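Data first, discussion second: the structure below is written as structure tokens.
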Amino acid sequence: MTSNIRYKSRIPVKTEDSMEEKQYVGFATLPNQVHRKSVKKGFDFTLMVAGESGMGKSTLVNSLFLTDLYKDRKLLNAEERINQTVEIIKHTVDIEEKGVKLKLTIVDTPGFGDAVNNNECWKPITDYIDQQFEQYFRDESGLNRKNIQDNRVHCCLYFIPPFGHGLRPVDVEFMKALHEKVNIIPLIAKADCLTPNEIKKLKDRIREEIDKFGIKVYQFPECDSDEDEEFKQLDKELKECTPFAVIGSNTVVEARGQRVRGRLYPWGIVEVENQSHCDFVKLRNMLIRSHMHDLKDVTCDVHYENYRAQCIQEMTSKLAQDNRMESPIPILPLSTPDVETEKLIKMKDEELKRMQEMLNKMQQQMHDKEQ
Amino acid sequence: MAATDVDVFSNEEKRNLSLGGHVGFDSLPDQLVSKSVTQGFCFNILCVGETGIGKSTLMNTLFNTMFENEEASHYQNGVYLRPRTYDLLESNVHLKLTIVDTVGFGDQINKEDSYKPIVDYIDTQFENYLQEELKIKRSLFNYHDTRIHICLYFIAPTGHSLKSLDLVTMKKLDSKVNIIPIIAKADTISKSELHKFKIKIMSELVSNGVQIYQFPTDDEAVSEINSSMNAHLPFAVVGSVEEVKVGNKTVRARQYPWGVVQVENESHCDFVKLREMLIRVNMEDLREQTHARHYELYRRCKLEEMGFKDTDPDSQPFSLQETYEAKRKEFLGDLQRKEEEMRQMFVNKVKETEAELKEKERELHDKFEQLKRMHQEEKRKVEEKRRDLEEEMNAFNRKKVAAETLSLSQPLKKDKDKKN
């Protein structure tokens with residue numbers, strides 16, 4: 001908890017210097033005020049997990065948030081899954097730690113990639129994300145904006161199977177369909193079937209293929225130049241480690257005299273929180289301890305804004321074609337500046353044309369006269 | 001042998017006699033063995049599983065050699081099969097081993113047709129053998145038998161159950177080949193999860209009617225070990241060609257930060273059991289089953305398709321020869337009929353085109369006549385006009401001459417006047 005918190009206490013220490021005291025205004029306490037208010041308000045976060053059955057998604061979510069979200073889950077048999085469609089299931093929990101409340105929503109996608117024919121199996125997922133954006137858009141443009149519920153998906157953890165040589169076509173298609181709608185964090189699932197060399201090879205391969213196919217996964221923001229060296233080093237290590245190779249566990253085992261979350265094998269014990277065994281700790285730190293808010297920001301500032309701009313453009317172009325249609329969302333009557341300037345440009349164009357014609361006529365007349 | 005075979009000796013009474021001394025025909029098995037050893041053995045394995053699941057590594061580990069293999073890519077458009085044949089030698093015994101790999105299996109987004117190339121390949125090998133059997137001049141003892149003796153189906157270690165693709169594919173293959181399902185990359189499943197996983201898989205296979213290969217328990221010498229192994233299916237295997245030092249030995253293993261998974265350690269994985277069952281105990285039985293059950297089934301279906309029956313409507317046994325002759329006559333008759341038909345069609349077509357051509361010719365002729373007539377008309381008209389024109393010219397000339405003479409006489413008059 002200590003080394004990863006970037007928030008440093010900025011309460012100024014009272015110095016002996018009387019000159020400074022006179023010039024001290026006091027807005028340096030703003031961060032404290034923000035802290036206090038946010039603790040009171042509480043936070044919310046929506047996390048989506050996607051990947052084939054049996055990749056360890058539920059186990060990882062349980063390990064991340066140290067709760068058991070998936071009691072009494074019913075898994076389908078193979079013959080039931082031959083023609084399965086993708087469902088979207090939401091689990092919402094309220095958890096609290098040191099006075100800070102978090103409303104955590106996990107969006108599960110059972111059935112993804114399980115059927116024999118997986119054409120467009122990501123469509124229900126993209127539809128869901130768009131629906132959340134649309135709902136937020138309507139709420140935001142509504143008249144009463146006091147209690148907007150933010151159900152937008154802030155982050156999507158995509159589980160890549162470790163059994164192959166890299167990304168498979170279904171992985172590529174899924175990520176390409178979603179990379180402009182949500183922050184994608186690819187993970188290598190069940191990493192306890194890979195030796196350290198194999199992990200490195202697979203990570204390099206996956207990074208290469210992500211570049212090759214132009215998939216825009218979530219990028220960590222650059223460090224500020226005034227951060228200390230240790231933090232920058234950590235950040236650099238984090239970036240080189242993607243995609244994270246994770247292992248999850250629902251059971252607690254005894255290892256080296258301690259009780260830890262792990263998996264017991266005849267040949268040894270895999271500790272989930274041991275950094276030399278897997279990247280679980282890095283993922284947890286990144287997702288929860290340092291970058292949770294950044295994920296929310298990117299969702300609001302980038303993905304949602306893109307959606308909104310697209311939505312509005314579509315609507316105004318439709319309006320222009322069909323004036324009788326009433327827009328469900330109140331838009332300012334004389335539309336956006338873009339359309340106005342367009343009109344002006346059109347007018348000017350016509351004027352120019354007329355003048356050009358007149359010029360031509362006059363020239364012709366002169367020419368005739370000369371002759 | 002099929003149970004419907006007629007027992008030739010059933011009418012005679014069999015008598016058991018005891019021998020007075022050692023005759024020596026107890027060496028028959030040895031003679032058979034030495035003959036087979038000189039001939040060499042042939043074994044064909046089909047490995048079906050997703051890309052990267054460990055098929056090539058397992059083959060390398062099983063046979064303790066490095067078969068050359070490049071990594072397959074995930075982006076194949078379809079599934080195709082890649083057979084490779086190797087000659088292996090161990091203590092005098094030659095083995096012609098063919099390993100068939102399924103490349104691209106499980107990678108496509110739409111996997112509905114993934115099983116087809118595999119089924120086609122197996123059928124083709126059966127077909128080749130059938131053709132060889134039906135030849136007039138055949139050399140079966142020399143024939144390189146490419147029929148698949150065993151299909152190792154690699155199941156991904158998800159820990160939950162079979163994938164839908166696995167179920168669909170195994171159902172299509174179970175009547176054509178001996179299937180042994182194995183759990184690949186088993187070092188990712190803990191003991192308790194493995195137990196549950198195996199039970200789930202077997203129950204799914206049973207409830208869907210998939211027949212996997214059961215190790216034979218009728219031979220006393222091996223029945224005990226086979227029946228105990230049957231209970232361990234599917235085998236959870238780990239493959240590795242790397243060697244790691246454990247204690248004071250070097251063994252094939254996988255080294256992790258948390259421990260070393262030894263391939264040949266029975267408490268770590270079932271590799272030893274698989275090798276025992278597949279190679280050391282039941283290889284010959286697999287070959288026999290392929291020939292006696294799967295191939296015979298294929299052959300029967302194929303011949304029935306072609307119209308052969310074992311008994312005709314009167315329940316008299318048909319001989320292959322007669323049926324063959326009958327079929328041949330039928331076929332030739334068919335051919336002749338088709339030829340006639342085609343000839344008729346050809347003749348009809350020719351007539352038609354001839355008629356058309358004649359029509360056209362007539363039309364052209366008519367047109368020609370018409371044009372000629374028009375031409376004559378025009379000529380006549382032109383002639384008329386010319387004559388008219390000539391007449392006019394003549395008239396004009398006369399008038400001119402008249403006018404001239406008049407004008408000539410007039411100036412004379414004037415002159416005369418002037419003179420006067």
Side-chain angles (χ1 to χ4, degrees), chain A residues 52-56 59 75-84 113-121 161-174 189-198 202 209 247 249 251 253 255 262-271 274 276-278, chain B residues 49-54 71-76 106-112 114 154 156-169 171 184-193 200-201 203-205 207-208 238 240 242 253-262 265 267-269:
Chain A
E52 277 184 5
S53 263
M55 286 290 112
T59 315
L75 293 168
L76 292 180
N77 289 329
E79 73 253 29
E80 291 163 355
R81 283 191 273 163
I82 292 180
N83 289 317
Q84 194 184 25
D114 282 344
V116 177
N117 183 352
N118 289 317
N119 261 334
E120 305 238 314
C121 59
F163 311 125
H165 297 309
L167 291 177
R168 298 164 307 158
V170 70
D171 301 330
V172 174
E173 291 299 315
F174 176 83
K190 295 208 168 177
D192 56 353
C193 89
L194 297 169
T195 61
N197 276 343
E198 290 169 353
L202 187 61
E209 291 183 344
I247 302 175
S249 168
T251 54
V253 295
R263 289 172 65 74
L264 179 61
Y265 289 115
W267 47 85
I269 300 181
V270 181
E271 294 164 46
N274 186 332
S276 58
H277 288 188
C278 70
Chain B
E50 290 175 4
T51 309
I53 199 96
E71 247 177 34
S73 108
H74 280 281
Y75 302 100
Q76 307 281 350
D107 277 334
Q108 297 80 32
I109 295 186
N110 184 351
K111 297 176 268 209
E112 283 176 347
S114 293
F154 288 70
T158 57
H160 292 321
S161 67
L162 284 177
K163 291 194 184 175
S164 49
L165 176 65
D166 295 341
L167 195 60
V168 166
T169 312
K171 272 180 99 160
K185 300 206 169 180
D187 51 359
T188 197
I189 314 186
S190 65
K191 272 243 164 3
S192 50
E193 291 168 356
K200 191 78 201 310
I201 292 181
S203 78
E204 281 196 331
L205 288 176
S207 66
N208 282 290
V238 174
S240 170
E242 284 153 13
R254 283 173 68 76
Q255 174 134 54
Y256 290 107
W258 49 85
V260 177
V261 182
Q262 295 161 36
N265 185 332
S267 60
H268 287 191
C269 71

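A, B, ... follow the sequence lines: proteins, then strands. Residue 1 opens every chain. Reckoned from all heavy atoms, side chains included, excluding hydrogens, waters and symmetry mates. Please read all numbers here as calculations on a predicted model, not as lab measurements.
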Salt-bridge present (B:Glu50, A:Arg168; N to O < 4.0 Å):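 No.
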Closest heavy-atom pair and its distance - [X], [Y]:
X        : Y        : value
B:Trp258 : A:Ile247 : CH2-CD1, 4.4 Å
A:Ala115 : B:Ser164 : C-OG, 3.7 Å
A:Pro266 : B:Ser267 : CG-O, 3.6 Å

For the atom pair [atom1] ([X]) and [atom2] ([Y]), what is the distance rounded to the nearest 0.5 Å?
X        : Y        : atom1 : atom2 : value
A:Asp192 : B:Ser190 : CG    : OG    : 9.0 Å
B:Ile109 : A:Asp171 : CD1   : CG    : 9.5 Å
A:Thr251 : B:Glu193 : OG1   : CD    : 7.5 Å
A:Cys193 : B:Tyr256 : SG    : OH    : 6.0 Å
B:Asn110 : A:Asn117 : CG    : CG    : 3.0 Å
B:Thr51  : A:Phe163 : OG1   : CZ    : 13.5 Å

With a 4.5 angstrom heavy-atom cut-off, could you sort out which part of [X] is near chain A: side chain, backbone, both or neither?
X        : result
B:Ile201 : neither
B:Val260 : backbone
B:Asp107 : both

If we define contacts as heavy-atom pairs under 4.5 Å, which of [options] has the most with chain A?
options                                : result
B:Gly159, B:Ser161, B:Gly54, B:Gly106  : B:Ser161
B:Leu167, B:Val238, B:Asn265           : B:Leu167
B:Lys171, B:Glu204, B:Gln108, B:Lys200 : B:Glu204
B:Pro157, B:Gly259, B:Ala184, B:Ser203 : B:Pro157

With a 4.5 angstrom heavy-atom cut-off, which part of [X] approaches chain B: side chain, backbone, both or neither?
X        : result
A:Pro162 : backbone
A:Ala189 : neither
A:Leu194 : backbone

Among A:Asn118, A:Val116, A:Asn197, residue most engaged with chain B (heavy-atom pairs, under 4.5 Å):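 Of the candidates given, the most pairs with chain B belong to A:Val116.
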With a 4.5 Å cut-off on heavy-atom pairs, point out which of A:Val270, A:Asn119, A:Val170 contacts chain B the most.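 With the most close heavy-atom pairs to chain B, the winner is A:Val270.
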Give the C-alpha distance, both sets of side-chain angles, the deciding distance and a yes or no for side-chain contact (heavy atoms from CB on, under 4.5 Å) between B:Tyr75 and A:Val172. CA-CA 10 Å; B:Tyr75 302 100; A:Val172 174; 3.7 Å; yes
Using atom types as modelled and distance alone, determine if a side-chain donor or acceptor of [X] lies under 3.5 Å from a backbone N or O of [Y].
X        : Y        : result
B:His74  : A:His165 : yes
B:Lys191 : A:Leu264 : no
A:Thr195 : B:Gln255 : no

How far apart are the C-alpha atoms of A:Glu52 and B:Lys163, what are their side-chain angles, what is the distance that settles it, and do they pass the side-chain contact (heavy atoms from CB on, under 4.5 Å) test? CA-CA 10 Å; A:Glu52 277 184 5; B:Lys163 291 194 184 175; 3.2 Å; yes
Count the heavy atoms of every other residue, nucleotide or ligand shown that sit under 6.0 Å from CD of A:Glu198, and state whether that count exceeds 12.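 Yes, CD of A:Glu198 has more than 12 neighbouring heavy atoms, counting only those of other groups under 6.0 Å.
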With side-chain contact (heavy atoms from CB on, under 4.5 Å) as the test, pick out the partner of A:Trp267 among B:Gln262, B:Arg254, B:His268.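 Exactly one pass, corresponding to B:His268.
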